[in-house]
Amino acid sequence: MADVIPLLRVAARAGLPVFPRMASHAADAIGRMVDAGVHGVIVPGVESADEAAALVRAIRLPPAGGRSTGAARTALGVTDVGEALLLPMVETAVGLHHAADIATVDGVDGIFIGPYDLSMSLGCKPGEEPVMTAIASVVETVRSTGKIVGMFTGRPDLLALAPTLDLVAVDTDVSALRRGIAELFS
Ligand code: 3PY
Ligand code: MG
């Protein structure tokens with residue numbers, strides 16, 4: 001949370017939206033993020049429509065949800081109160097099985113795919129056939145609902161799927177820094 005505030009300032013100057021990935025499904029943490037002015041939250045390990053519905057209650061103000069209003073957001077002059085995007089992550093075999101149900105929950109704006117956990121859950125490595133097929137099926141499922149589909153990449157074969165996605169987390173900061181420094185010395 002302490003890191004998000006300065007990042008929000010930098011992103012605002014650059015005209016960029018901010019989508020933090022939450023550590024858990026905790027409703028209070030999601031409420032604080034939205035009060036701070038993020039444009040949406042990515043929530044890990046969502047496996048059912050019921051879990052997704054609980055996240056909708058956490059992020060939306062009544063009557064759509066149960067979030068209490070936080071003064072911070074109003075003080076920041078944010079006018080679209082309650083309109084942060086909710087992007088549950090599909091990253092397990094169970095979540096994959098319920099991807100259509102999760103995507104169609106009212107108040108869910110789209111699905112964010114976690115290919116690394118999904119690979120482990122499917123018993124394969126990132127880039128291998130089972131996970132690539134699973135990713136394609138989630139993309140197609142979410143597309144048919146008209147909602148947003150995003151994914152973390154971090155590898156060229158996953159990044160190659162970017163044209164099929166609306167939102168891409170290209171890499172982690174640590175990994176990008178490491179590659180950049182390595183290139184300097186190559
Ligand atoms: C995963 O691939 O499991 C992720 O959580 C990426 O963000
Ligand atoms: Mg993950």
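Numbering of ligands and ligand atoms starts at 1, following listing order.
Ligand 1 is never approached by M151 to a heavy-atom distance shorter than 4.0 Å.
Atom numbering of ligand 1 starts at 1 in the shown order; those under 4.0 Å from a heavy atom of G114 are 1 (C), 2 (O), 3 (O), 4 (C). Residue contact check: M89 has heavy atoms under 4.0 Å from atoms 4 (C), 5 (O), 7 (O) of ligand 1. Against a heavy-atom cut-off of under 4.0 Å, P115 is close to the following atoms of ligand 1: 1 (C), 2 (O).
Residue E91 approaches the Mg ion (ligand 2) most closely through its N/O/S atom OE1. Among the heteroatoms counted here (N, O or S) of D117, OD2 is the one nearest to the Mg ion (ligand 2).
Between H39 and F19, the ring planes are tilted. Angles from 30° to 60° get that label.
Under a 3.5 Å cut-off, the side chain of T104 and the backbone N or O of A100 do form a donor-acceptor pair. With hydrogens and angles ignored, the 3.5 Å screen pairs a side-chain donor or acceptor of Y116 with a backbone N or O of T153. For S121 (side chain) and A93 (main-chain N/O), a donor-acceptor pair under 3.5 Å exists by modelled atom type. The main-chain N or O of G150 is never found under 3.5 Å from a side-chain atom of D166 such that the two would form a donor-acceptor pair.
The proximity of F152 to ligand 1, defined as any non-hydrogen pair under 4.0 Å, is limited to the side chain.
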